[in-house]
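Shown next, in structure tokens, is the structure this report addresses.
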There are 2 protein chains.
Amino acid sequence: MDENGKIDTRTAKGQATRDRLLAEALRLFAIKGFEAVGTRELAAAAGTNIASIAFHFGGKEGLYGEVVRHVAATLASLYQNAFAAAQAESRAKGEEPIRRAHRVIAKLIAALAASNRSRWMSLLLQREFITPTACFDTLYEEAIRPCLEEFSQLVEATAGLAAESLDNRVLAYSLFTMASAFSRNGNFLRFTGKTGYAPQDIDAIGRAVAGFIDKGLRPSA
Amino acid sequence: MDENGKIDTRTAKGQATRDRLLAEALRLFAIKGFEAVGTRELAAAAGTNIASIAFHFGGKEGLYGEVVRHVAATLASLYQNAFAAAQAESRAKGEEPIRRAHRVIAKLIAALAASNRSRWMSLLLQREFITPTACFDTLYEEAIRPCLEEFSQLVEATAGLAAESLDNRVLAYSLFTMASAFSRNGNFLRFTGKTGYAPQDIDAIGRAVAGFIDKGLRPSA
DNA sequence: GGAAAGATGTCAATCGATTGATTGACATCA
DNA sequence: TGATGTCAATCAATCGATTGACATCTTTCC
């Protein structure tokens with residue numbers, strides 16, 4: 001689509017190559033990290049030539065930047081949807097706020113483990129947490145911070161801790177961490193001895209974590 | 001020290017170079033990752049020549065292997081000490097098992113945030129979680145699994161969930177995740193707006209998380 | 001006691017391989 | 001005919017590894 005909003009059919013093939021590059025770059029960058037992925041590997045995975053990377057994205061860094069922008073936007077809406085849906089369901093059923101936390105955590109865990117794409121996005125995010133690149137600010141301000149602030153509000157509403165307090169932030173950050181932990185590949189599976197997640201496993205994990213925090217967030221008597 | 005237990009004073013200088021390489025390699029590999037660190041950078045940081053890496057460790061991979069072995073051994077004893085100390089203190093005071101979980105978490109968070117070295121080790125471990133190398137098995141079997149199993153026992157003793165059950169493993173894994181989350185640099189600090197951890201912050205984080213899981217692990221009425 | 005021989009460790013220089021980026025020819029379609 | 005993409009070929013730069021000279025220290029031997 002050009003600057004006038006018209007679709008240029010000439011670019012259909014180019015757009016397809018661009019999309020394949022983005023999809024494969026997300027997968028490879030998430031699994032191996034920015035430095036460990038070569039341009040030749042990216043091009044081969046996308047079924048094109050290395051020159052395409054420079055043509056469509058200006059180079060390897062430009063491609064990574066586009067991937068991060070896509071991840072930030074997708075995760076931001078994924079988080080937002082989870083909180084909004086939980087709020088709507090909880091309000092419709094007249095539940096107390098603590099049930100909303102229950103719902104949010106279960107939704108996030110399920111959403112992040114649902115598809116390979118979302119798992120890769122979560123993995124890329126974890127990677128940026130550990131090795132921030134120039135793109136980290138985008139990811140943090142656009143996706144992570146809003147999610148943390150939502151958790152912070154949730155902790156305030158349930159545990160009665162002021163949103164700006166350290167105690168509140170510790171719990172909010174812990175919830176975010178727990179929601180992300182199970183989407184990472186391999187490690188929890190190895191601990192359980194399983195070889196993969198079945199749909200009922202995802203449900204069970206969501207319920208277990210939700211039950212855990214449901215009790216953990218209740219204000220002390 | 002040779003095979004007879006005698007200290008060879010000739011190797012004192014060589015040993016010092018070896019130690020500096022190991023220390024700097026831990027720091028750099030933890031911060032930037034295996035692929036992103038060059039042999040020239042490693043040698044310069046340790047104040048020696050790149051040939052030293054091949055001489056002492058057989059190459060970059062050999063050096064990384066030694067670093068991982070050191071991290072595995074150190075973290076294993078760090079974990080073990082935390083559980084043992086918590087058990088001893090808890091038994092001496094005649095506390096219920098759930099207080100032991102309280103103590104373990106607080107000790108682990110404090111220990112992992114105590115020094116740069118322990119933070120780097122924790123960071124390297126997180127990195128291996130995301131991008132397992134050939135050394136991951138060492139790290140997992142020697143340090144991570146024993147710690148997870150301890151948590152599993154703790155969850156069984158407190159929440160009454162069988163150690164092999166999925167619910168138990170989910171909670172045990174969550175506890176491990178939470179204990180590690182705050183030792184990672186930068187991200188939680190950014191969320192709180194702080195610029196660094198003060199000793200009282202570490203205490204406060206440990207107490208907050210411990211209080212959270214203290215309630216979360218109690219069996220439902 | 002002291003020089004030769006051997007082991008240990010460091011160094012600058014260099015190796016082939018691989019990296020990301022670039023080029024100019026060529027294909028496709030408006 | 002010009003714009004959009006793709007391709008094989010090639011670029012300089014950097015990678016990890018290696019080499020052989022050299023310094024240092026220990027052991028051996030007379």
Handout entry: N or O in side chain of His56(B) less than 4.0 angstrom from dT10(C) OP1/OP2
Key =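 Checking His56(B) against dT10(C): at least one side-chain N or O falls below 4.0 Å of OP1 or OP2.
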Practice task
Look at Thr48(B) and dG9(C) and indicate whether a side-chain polar atom (N or O) is within less than 4.0 Å of OP1 or OP2.
Solution key: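 Answer no for this pair, as no side-chain N or O of Thr48(B) is under 4.0 Å from OP1 or OP2.
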Which whole-number value in Å describes the distance from [X] [atom1] to [N] [atom2]?
{"X": "Leu21(B)", "N": "dG9(C)", "atom1": "CG", "atom2": "C1'", "result": "12 Å"}
{"X": "Leu42(A)", "N": "dT6(D)", "atom1": "CG", "atom2": "C1'", "result": "17 Å"}
{"X": "Phe55(A)", "N": "dT28(C)", "atom1": "CZ", "atom2": "C1'", "result": "13 Å"}
{"X": "Gln15(B)", "N": "dT24(D)", "atom1": "CD", "atom2": "C1'", "result": "17 Å"}

Problem - Residues forming a side-chain contact (heavy atoms from CB on, under 4.5 Å) with Ala25(B), sequence neighbours excluded - result: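 Ala25(B) satisfies side-chain contact (heavy atoms from CB on, under 4.5 Å) with Phe29(B), Leu42(B), Leu63(B), Val67(B) only.
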Problem - Sequence-distant partners of Glu142(B), side-chain contact (heavy atoms from CB on, under 4.5 Å), two or more places apart - result: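 Checked Glu142(B) against side-chain contact (heavy atoms from CB on, under 4.5 Å); matches are Ala72(B), Ala73(B), Thr138(B).
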Exercise for the section: Any pair with a residue in residues 202-213 of chain A that passes side-chain hydrogen bond (donor to acceptor under 3.5 Å, both in side chains), sequence neighbours left out, goes on the list, sorted by first then second residue, please. Expected result: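 Residue pairs with at least one partner in residues 202-213 of chain A: there are none.
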Under 3.5 Å, sequence neighbours excluded: what are the donor-acceptor pairs made by side chains of residues 129-137 of chain A?
residue, atom, partner, partner atom, Å
Thr131(A), OG1, Arg127(B), NH1, 2.8
Thr131(A), OG1, Arg127(B), NH2, 2.9
Thr133(A), OG1, Glu128(A), OE1, 3.4
Thr133(A), OG1, Glu128(A), OE2, 2.7
Thr133(A), OG1, Cys135(A), N, 3.2
Asp137(A), OD1, Arg190(B), NH1, 3.0
Asp137(A), OD1, Arg190(B), NH2, 3.2

Acceptor/donor pairs from residues 30-37 of chain A side chains to any protein atom, 3.5 angstrom cut, sequence neighbours excluded:
residue, atom, partner, partner atom, Å
Lys32(A), NZ, Glu41(A), OE1, 3.3
Lys32(A), NZ, Glu41(A), OE2, 2.9

Practice task
Indicate for each nucleotide in nucleotides 17-23 of chain C, in 5' to 3' sequence, whether protein heavy atoms under 4.0 Å reach the base (B), only the sugar-phosphate (S), or nothing (-).
Solution key: --BBBBB
Exercise for the section: Mind running side-chain contact (heavy atoms from CB on, under 4.5 Å) on Phe83(B) and Lys107(B) for me, showing each step along the way? Expected result: CA-CA 9 Å; Phe83(B) 280 100; Lys107(B) 276 180 197 300; over 6 Å; no
